[in-house]
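Each remark here refers to the structure printed beneath this line.
Positions are given from 1, in the same order as the sequence printed here. Order of appearance sets the numbers: ligands from 1, and atoms from 1 within every ligand.
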Amino acid sequence: MKPRDLSHHIAYEAGRGIEEVARELGRDPSSLIKLASNENPHGPSPAAVVAMRDAATTVSSYPKSSHTDLVSALADRWSVTERQIWLANGGDGFIDYLHRATLEPGESILVADPGFAYYGMSAHFHHGEVATYSLSKADDFAHTADRILDAYDGERVIWVTSPHNPSGATMDLDAIERLAANTEEKTLIAVDEAYGEFADGPSAVALIEGRVGFDAREDIAVLRTFSKAYGLAGLRLGYGVVPDSWGTAFTRVNTPFAASEIACRAGLAALEDDEHVTRTVDTATDARAAMSEQITAHVWPSEGNFVLVDVGDATAVTEAMQEAGVIVRDCSSFGLSGCIRITCGTESETDRAIETLNEILERAELEGADA
Ligand SMILES: Cc1ncc(COP(=O)(O)O)c(C=O)c1O
């Protein structure tokens, strides 16, 4: 027996962990900071931590009421019906559910290049194909409807990441609506708002529901996650908001008990913990401003909890930063070999990242001048 032919599947490359890097460098993990995976520098919502501890003794039962309660709390939060909320094992789990619910074998999705790798991986698992639309460094990764429509060829799902990973650029609701209005009826626009809490504009849920001056649409779905603003990345909890008319498809595609008892209890507590979200968003806003003002290389404007920086040789700079104890993301894996992505840290972490990067850039410049 062999697995099916997986040779055209790519393996997901996660950002590197502190322990892993510390072991490799023979260093004490506490001397390193990790700004590579867009995690929350303030940790999990404290209210969620209490809820997780309390829930620990009940995990001998399958999650029933906690699952129902979280769906209901999220439906309230977005003013939608309960069947419009699809709970999942992280936002990644929702990507899988959406593909299971939409793709017939051989159908395609259209995704951004550069962009988040998991859309394509998931489409392949679900016997789909992947086409891309390009976003360009030269025009600041502008997400226009025309750019995507130029590449569109009747794909079943178009993924729009807003804020976009790794650039932090956004696509406004007018442009998303124009995209949806100019694609075939069978095409779904899936808007990934994993970083939505850090952005200024309204969620694309407004387009599903016909709010803020838009007509309601049945061809838009929105991904959200507890991994970023709520600090629960290790728990794996995310969800989608889909149109009411096909929300019940979830019951036919979901993994039984899509989110664990502990995850559901933590999610319920985190949703109430506005203080933690506000603090997290404020920290990210300050860190973005500090990095764009003080880093001596070009920093793209970002509405996420990270910034993309044009450093010239991303691999060399990432390695030098790691040597200096700051782990950042080399964006070569996104096809951006000149760029690194730095997650917004606490004030002191961000200051250390700025200082370290500026020193490395200055050194490279001096060495270039000497050569
Ligand atoms: C754009 C984007 N979408 C979705 C996800 C998935 O997040 P999670 O599965 O942790 O909810 C990520 C994670 O980094 C992301 O960057």
Side-chain angles (χ1 to χ4, degrees), residues 12-17 34-41 43-45 48 70 74 85-99 109-123 125 132-133 135 141 143 157-171 176 189-199 203-204 221-241 255 258-260 263-264 266-267 270-271 277 280 284 302-308 327-331 333-336 339 341-344:
Y12 182 74
E13 267 183 64
R16 309 189 68 211
K34 182 184 172 207
L35 301 174
S37 297
N38 300 341
E39 290 152 339
N40 191 318
S45 145
L70 181 56
L74 287 168
I85 302 291
W86 291 17
L87 278 193
N89 185 46
D92 293 339
F94 175 66
I95 295 170
D96 285 337
Y97 288 154
L98 210 52
H99 288 160
I109 65 165
L110 183 62
V111 300
D113 177 24
F116 185 56
Y118 193 66
Y119 311 130
M121 294 166 65
S122 167
F125 308 149
T132 55
Y133 58 91
L135 297 174
F141 304 93
H143 282 55
V157 182
I158 300 178
W159 279 97
V160 169
T161 315
S162 181
H164 173 248
N165 179 10
S167 70
T170 53
M171 184 161 183
I176 297 173
I189 314 298
V191 186
D192 180 340
E193 297 180 353
Y195 302 98
E197 288 84 358
F198 302 100
S203 164
V222 173
L223 174 155
R224 305 285 299 203
T225 182
F226 283 87
S227 294
K228 311 296 177 185
Y230 296 94
L232 299 177
L235 200 59
R236 313 308 300 127
L237 182 64
Y239 61 98
V241 183
T255 308
S260 75
C264 291
L271 268 186
V277 175
T280 301
S302 166
E303 295 210 32
N305 64 342
F306 53 87
V307 295
L308 185 72
I327 310 168
V328 296
R329 184 73 183 249
D330 173 354
C331 289
S333 60
F334 285 93
L336 295 171
C339 300
R341 191 192 65 198
I342 310 178
T343 301
C344 297

Handout entry: Residue, atom name and distance, where the atom is the protein heavy atom closest to atom 5 (C) of ligand 1
Key = Phe116 CZ, 3.4 Å
Exercise for the section: Give the residue and atom name of whichever protein heavy atom lies nearest to atom 14 (O) of ligand 1, and the separation in Å to one decimal. Expected result: Lys228 NZ, 2.9 Å
Handout entry: Residue pair Thr225 / Tyr239, side-chain donor-acceptor N/O under 3.5 Å
Key = no
Completion exercise
In this structure, atom 6 (C) of ligand 1 is nearest to the protein heavy atom Asp92 OD1, 3.1 Å
Handout entry: Nearest-contact summary for atom 10 (O) of ligand 1 - protein heavy atom, Å
Key = Ser227 OG, 2.6 Å
Practice task
Could you tell me if any non-hydrogen atom of Tyr118 lies under 4.0 Å from any atom of ligand 1?
Solution key: no
Completion exercise
For atom 3 (N) of ligand 1, the closest protein heavy atom turns out to be Asp192 OD2, 2.5 Å
Practice task
Kindly confirm or rule out an N or O of Gly90 lying under 3.5 angstrom from an N or O of ligand 1.
Solution key: no
Exercise for the section: Verify the distance criterion only: is there a donor paired with an acceptor across the side chains of Ser37 and Lys34 at less than 3.5 Å? Expected result: yes
Practice task
Would you mind running through ligand 1 and noting each atom that sits below 4.0 Å from a heavy atom of Thr225?
Solution key: 8 (P), 11 (O)
Exercise for the section: Start with the C-alpha gap between Glu197 and Arg224, add the side-chain angles, then the distance that decides, and say whether salt bridge (Lys or Arg N to Asp or Glu O under 4.0 Å) holds. Expected result: CA-CA 9 Å; Glu197 288 84 358; Arg224 305 285 299 203; 3.3 Å; yes
Problem - Side-chain donor-acceptor contact under 3.5 Å, Tyr119 with Thr161 - result: yes
Exercise for the section: Would you check if the side chain of Asn305 reaches a backbone N or O of Cys344 as a donor-acceptor pair within less than 3.5 Å? Expected result: no
Practice task
State, without any angle test, whether Asn38 and Arg329 hold a side-chain donor-acceptor pair at a distance under 3.5 Å.
Solution key: no
Practice task
Decide whether an N or O pair under 3.5 Å exists between Thr161 and ligand 1.
Solution key: no
